[in-house]
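A quick write-up on the structure given underneath.
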Amino acid sequence: MPTAVLTDRERTAVQAYLRLLHTVRAAFDAPAGSPSSPRPPIVPPAVLAEAEAALARAGLTGAEEEFFRMVRDWCPEP
């Protein structure tokens with residue numbers, strides 16, 4: 001298991017991704033309105049933009065395998 005310390009930019013990217021993940025989960029967990037007029041879950045564009053910008057600043061765009069390794073190391077599943 002890698003024990004490298006994340007850079008500030010990598011840590012920021014992981015945290016932005018986790019905020020995005022929690023926002024998406026909350027949006028899907030929220031009631032969707034009345035059955036006659038269901039509304040799709042809404043994720044604020046700013047949350048997605050923050051995650052994308054943080055990934056780009058950390059140089060992780062296109063490096064998904066490395067990025068998700070960092071996410072697993074930062075926030076391991078129980």
Side-chain angles (χ1 to χ4, degrees):
M1 170 182 228
T3 58
V5 176
L6 299 180
T7 67
D8 289 341
R9 288 184 176 185
E10 290 169 340
R11 188 178 312 104
T12 298
V14 169
Q15 290 170 333
Y17 169 76
L18 292 173
R19 277 191 292 280
L20 174 61
L21 181 63
H22 294 307
T23 300
V24 168
R25 284 182 177 162
F28 277 99
D29 287 345
S34 70
S36 62
S37 63
R39 63 176 172 79
I42 296 173
V43 175
V47 176
L48 182 55
E50 175 197 19
E52 289 177 347
L55 284 170
R57 281 191 302 274
L60 293 167
T61 303
E64 290 81 8
E65 185 176 330
E66 176 68 11
F67 174 69
F68 286 113
R69 181 197 58 77
M70 290 178 199
V71 171
R72 282 190 305 274
D73 290 350
W74 179 267
C75 186
E77 292 194 31

- Item | Pairs flagged by ring pair (Phe, Tyr, Trp, His ring centres under 6.0 Å) wherever residues 46-71 is involved - sequence neighbours left out |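 Found Y17-F67, Y17-F68.
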- Task: Report the residues that fulfil side chain to side chain contact (heavy atoms under 4.5 Å, CB included) with A16, sequence neighbours left out, ordered by chain and then residue number.
- Result: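 Here the qualifying residues are R19, E50, A51, A54.
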- Query: What residues form a side chain to side chain contact (heavy atoms under 4.5 Å, CB included) with E66, not counting sequence neighbours?
  - Reply: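 Applying side chain to side chain contact (heavy atoms under 4.5 Å, CB included) to E66 gives L60, A63, R69, M70.
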- Query: What is the distance from atom CZ of R9 to atom CG of L55, rounded to the nearest 0.5 Å?
  - Reply: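 Spacing of CZ (R9) from CG (L55) equals 13.0 Å.
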- Rounded distance (nearest 0.5 Å) linking atom OG1 of T23 with atom CG of L48: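 Spacing of OG1 (T23) from CG (L48) equals 10.0 Å.
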- Those residues that, when tested against R57, pass side chain to side chain donor-acceptor pair (under 3.5 Å) (two or more places apart):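 With sequence neighbours excluded, R57 shows a side chain to side chain donor-acceptor pair (under 3.5 Å) to no residue whatsoever.
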- Item | Taking every non-hydrogen atom, the tightest pair across V47 and L20 |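 Heavy atoms only, the tightest pair is CG1-CA, 3.6 Å.
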